[in-house]
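Beneath this line is the structure, given in C-alpha cells, with notes to follow.
Ligands are counted one by one from 1 in listed order, and the atoms in each one are counted from 1 as well. Since we're looking at a predicted model, the values are computed, not measured.
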Amino acid sequence: MNTAWIFDEINNISQIGMTVNGVTRLAFSEDDLKARAYLKKLIDNIGLDYREDTFGNMFALYKPSGAEGQIIGTGSHIDTVPNGGKYDGLLGVISSLAAIKTIKEKNIPISHPLELIVFQAEESSRFGHATMGSKIMAGKLENFVQWEQSIDNNGISLVEAMKKAGYNFYDINKSVVEKDRYKAFVELHIDQSKTMKYEDKPVAVVDGIAAPLRVKVIIHGEAAHSGSTAMRYRKDALVIASELVLAVRNLSLAYDERNAIATVGKLDIFPSVMNVVPGTAVMYIDIRGINSKTIDELFGLIRAESSKIALRYKASCEIELISSEKPCMLNNYVSDIIEKSCQELKMPYMHTISGAGHDAMNMAEITECGMIFVKNDSGVSHHQNEEILKEDIEQGARLLYQTLKNLAK
Ligand SMILES: [Zn+2]
C-alpha cells in the first residue's frame, strides 16, 4: 500500500481552503467545490465509476467481474468547520480511496463491489444541521422545512447555496438509498478526544456513537432579603442547584465504565442580584451515552436525586425533557472483522466510543456499520492544531485496507 500517496493527497486537498488559522472548507462553498473537483479527478485517474446524488454525496464504485454481491461502502466527508484541522473527514476519504486503489491495482479477488462514499455537509457549521448527506441517504430527513429555511452567517440559504453549486434542494428526497444496497459500511476517522493518545494505541475499534439527552431542571426556592433572612429559613435555589451539580457528577462517575456521562453546562439564577437570596435556578443537563437504556437509567437517578435534594430544602423542582437523540451501538460483525483484521496485522488496538456524531450513525440505519479511529497526536479536533503521526496514518490505512479485503471476500 502506497502511504506516500496518502500523505501527498491529504496535503494537496488540505491546501484548498487553508488559512493562517486552519482549514475552512464549508459545505457548498467555492473551496468545497474545488476540493470535490480535485477528488473527482483522483477518482477518474484510478478508474472508478463516479456518480453524485442530488445532494452532492459523491460515490466511486469499483466493481470488477466476480464482484456480484451487495456493496461494501467506505468513506467519510471533506467539508470542515471554520478554521478546522487537516484530517477530520479527509483522512477517512483518502484512506478509503487508497485502499480501493490498492485492491484494484493488485487485482485482489473480491466478491462484493467496493464503493467510496464522500458525504456532503457532515459539519453543522454552515447551516446548523449535522450529517446532512447521510441523513438524506438513510431517509432520516424529518425536518424538511427547517432545512429549507436554514441560512448561513452571510444570509445565504441552503437552497441558494445548493443552487449556486449546481444542485436542486427540492430534489434531495430522490437520494434515499434502497435498503439492501449495502452489505456493510466502514468509516475511518481521526479520534476527536485525548483517549487514544493517553492509551497510546494507533487504532481503535469504535463500539458506539454517543447521543445526547437534554434536560432542563427548574428549581423553585424562595427569593429573600440577604440581610434579614436567617440561614435556617432559606430556600436558596442556587444552594440547591449546587448540590445537584455535585450529585450529577457523582452519579455519572459510577457510569464511567458503561460509557455514560453527564454535564451541567448552563446554570441561570434569578433574580441574580447580590443582596437577594436566589429564588429560582434553571439548569441544563446534557446526558450522553452509547446505550439508550443506560442513558435513561442515569437520567432516572438524576431525576430522583433532584426531587430528593429539593425536598430537603422544602423547595420544589420541575424537570423537563428538551430532546433525546438515539445513540448508535456498533457491535456487529463489522466491528468483529475490524478487530480480527487488527489481530491479523498484529497491530496494537483498543476499543473506544465516539462522543461526536458521524455519518456512520445514519448509515447504521440502512446497513451494518463499523468505525475505525486513528490516534490523534494533538488530542484536539475542529482546530488547526489537529495532528496525527505519519506512522499512525499508515497503521490506520493498513487496517482499513485489511478490513475491506475481509469484508469483500
Ligand atoms: Zn468528521
Any donor and acceptor pair, going by atom type alone, linking the side chain of Lys326 with main-chain N or O of Ser292 inside 3.5 Å?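 Side chain of Lys326 to backbone of Ser292, a donor-acceptor pair under 3.5 Å: no, none is there.
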Taking Lys197 for its side chain and Asp377 for its backbone only, find out whether a donor-acceptor pair lies under 3.5 Å. yes
Would you please classify the geometry between the Phe373 ring and the His358 ring as parallel, tilted or perpendicular, with 30° and 60° separating the classes? perpendicular
Everything protein-side that's N, O or S and under 2.8 Å from the Zn ion (ligand 1): list it, residue and atom.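 For the Zn ion (ligand 1), the protein N, O and S atoms that sit under 2.8 Å away are His77 NE2, Asp88 OD1, His189 NE2.
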Should Asp296 and Lys293 count as an ion pair when the cut-off is N to O under 4.0 Å? no
For Gln15, check side-chain contact (heavy atoms from CB on, under 4.5 Å) against everything at least two apart and list the hits.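 side-chain contact (heavy atoms from CB on, under 4.5 Å) list for Gln15, sorted by chain: Met18.
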When rounded to the nearest 0.5 Å, the distance separating CZ of Arg214 from CD of Glu320 is 14.5 Å
